[in-house]
**Q** 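Structure provided below as structure tokens; questions to follow.
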Amino acid sequence: MNANEILKEYFGYDFFREGQESVINAIMEGRDVLAVMPTGAGKSICYQVPALMLPGVTVVVSPLISLMQDQVKALNEAGIHAAYINSSLSDRQISMALEAAANGRYKIVYVAPERLESGEFIRFATCADISMVTVDEAHCISQWGQDFRPSYLKIIDFINQLKKRPILSTFTATATEEVKNDIACILKLSDPHIVVTGFDRENLYYQVEHIRRKDDFIVSYIEKHPNDSGIIYCATRKNVDTLYELLFKRGVPVTKYHAGLGQDIRKKNQDDFIYDRTPVIIATNAFGMGIDKSNVRYVIHYNMPQSMENYYQEAGRGGRDGEPSQCILLFSPQDVMINKFLLEQKDFSEVEPEDIDLIRQRDARRLQVMEGYCRTTGCLRNYILRYFGEKTGVPCEHCGNCDREYREVDMTSEAKTVINCIFEAKGRYGQNIVIGILLGANRARLKEINAEAYQTYGALKEKSEAEIRLLISQMVLEGYIFRRRIATAY
């Protein structure tokens, strides 16, 4: 069968989506591939279809157990023999699966990146006819990426042990130019066919709300959309549990998902959401990767995510059917502090010591970009597209900021005063100290540094702290001032 026949026979589609056929054709020509395709664009079709046309077996490196299980279940139900190798299986089950794969039973084998180092899997791989190695969520290999996983660095070592080099196909939903270059370089892609299908999802409506009473907003929103399916993302498990209890007691058909729940409970809750038994789910960012649910009408972020990559991927789980979906981010300044705290707790046990500081700087820069998104008065869609390297034109006229009226205020004089204050302080102090100086605040720390002697002490005392903070954020966003080495923020 050719690609179109396989698409129809096994997957039930009459036509390929944008970019899919180009990727498949390149693979069938024996070329390596790097595809950046947004959530819902159908990345899995791009390697599953050629896997059925190529001789031998395709090995898919995937980071999440639940994602592998769902993919393999769907493939087997479609009549495609597939298996997965991960820690959810016993040693005997793994041995049986690898033996069956070696004997040609499976066309596609999903494997966790950690398994690539195991002796048993290497013995299988060196004897099997592996036509293609697919790297899903390929941004995990890059320290520039938002979800760096050191285990992904072992992929190239694994490939080097094979008797013949297979085709390499790599896929991600979010990749800046640096991340794309990293993927190609680290995996040593050979003259790769690069496909970027574009980041603009016109059916998604982006909106940022600056509010303190987030629970009230969510309760009100759900009451106005009782028949809609939606995802509510929270930064912490505690927020998930608290919001779940609130909605459950109000009779909302809701479930929850986070890493603190047992695997069986997570699986049940996920299935209840996918099959609309509980159309609303509250979750941490542990939820969602690879979830194939088309009718999500809203994605609400209770807290600001740590990066634009995370936000774009999570918000992109709405509207996969092409119908309108709202992506609402509820922002408060406390979100910045929560994320800084979470980044402080990041596990660097598998990272080389000399790389830790650089990763921290990149993490904090991404957080700064995300804060800029929440504070900008410009077009939200264009902000996202510019971040991912796409050229933008006029405002989209279809986002929360484009539909909102703003009052423009000339703050040129105040901005000069901020710069003068930073100059007087020789850039030694953080934002809170600078704001205190400008307000002429009576604080012990300001007395310690003799701030009363500054010419700018109290120069903006007629302004509120919120106004000055917003002004400084805008100046950082537009590049007039820069935060010093991010490590000082931790």
**Q** Quick one: does E424's side chain have a donor or acceptor within less than 3.5 Å of a partner on T456's backbone?
**A** yes
**Q** For V33, is there any backbone N or O sitting under 3.5 Å from a side-chain donor or acceptor partner on T170?
**A** yes
**Q** Would you say CD of E397 has more than 12 non-hydrogen atoms from neighbouring residues, nucleotides or ligands within 6.0 angstrom?
**A** yes
**Q** Without placing hydrogens or testing angles, list every side-chain donor-acceptor pair under 3.5 Å for residues 222-229, not counting sequence neighbours.
**A**
from	atom 1	to	atom 2	distance (Å)
E223	OE2	R250	NH2	3.1
H225	ND1	Y221	O	2.8
S229	OG	P279	O	2.9

**Q** My understanding is that only one of K340, K214, H301 makes a side-chain hydrogen bond (donor to acceptor under 3.5 Å, both in side chains) with D335; could you say which?
**A** K214
**Q** Can you find a heavy atom in the side chain of Q313 that is under 4.5 Å from one in the side chain of E309?
**A** no
**Q** Inspect the surroundings of CZ in R445 and state if more than 12 heavy atoms from other residues, nucleotides or ligands are less than 6.0 Å away.
**A** yes
**Q** In Å, rounded to the nearest 0.5 Å, how long is the span from OG of S332 to CE of M337?
**A** 11.5 Å
**Q** Measure centre to centre between the rings of H258 and F287, then say whether the value is under 6.0 Å.
**A** no
**Q** Within the distance-only criterion (no hydrogens, no angle test), does the side chain of T242 pair as donor or acceptor with the backbone N or O of K238 below 3.5 angstrom?
**A** yes
**Q** Find out whether the Lys NZ or Arg CZ of K43 is both under 6.0 angstrom from the six-membered ring centre of F171 and within 45° of the ring's axis.
**A** no
**Q** Short question: side chain of D182, backbone of E178 - any donor-acceptor pair under 3.5 Å?
**A** no
**Q** Looking at E390 and R386, is any side-chain nitrogen of the basic one under 4.0 Å from a carboxylate oxygen of the acidic one?
**A** no
**Q** As an exercise, state the distance from CD1 of I282 to OH of Y257, rounded to the nearest 0.5 Å.
**A** 15.5 Å
**Q** Look up atom OH in Y298 and atom CD1 in I218, then write down how far apart they are to the nearest 0.5 Å.
**A** 9.0 Å
**Q** Looking just at side-chain N and O atoms, do N310 and N285 make a donor-acceptor pair shorter than 3.5 Å?
**A** no
**Q** Does the pair K256/D272 count as a salt bridge with the N-to-O cut at 4.0 Å?
**A** no
**Q** If you count the non-hydrogen atoms of other residues, nucleotides and ligands that lie under 6.0 Å from CD in Q334, is the total more than 12?
**A** no
**Q** Determine whether a donor-acceptor pair (N or O, by modelled atom type, separation under 3.5 Å) exists between the side chain of Y47 and the backbone of D136.
**A** no
**Q** Would you give the length of the straight line joining atom CG of L470 to atom OG1 of T377, rounded to the nearest 0.5 angstrom?
**A** 8.5 Å
**Q** Do the side chains of D321 and R297 get close enough for a salt bridge, i.e. N-O under 4.0 angstrom?
**A** yes
**Q** Check D32 with K188, please: is the shortest side-chain N to carboxylate O separation under 4.0 Å?
**A** no
**Q** Does the pair K447/E452 count as a salt bridge with the N-to-O cut at 4.0 Å?
**A** no
**Q** Step through it carefully: locate the ring centre of Y383, locate the ring centre of Y206, and say whether they are under 6.0 Å apart.
**A** no
**Q** Considering the options L380, L330, L329, which one meets the side-chain contact (heavy atoms from CB on, under 4.5 Å) requirement together with C374?
**A** L329
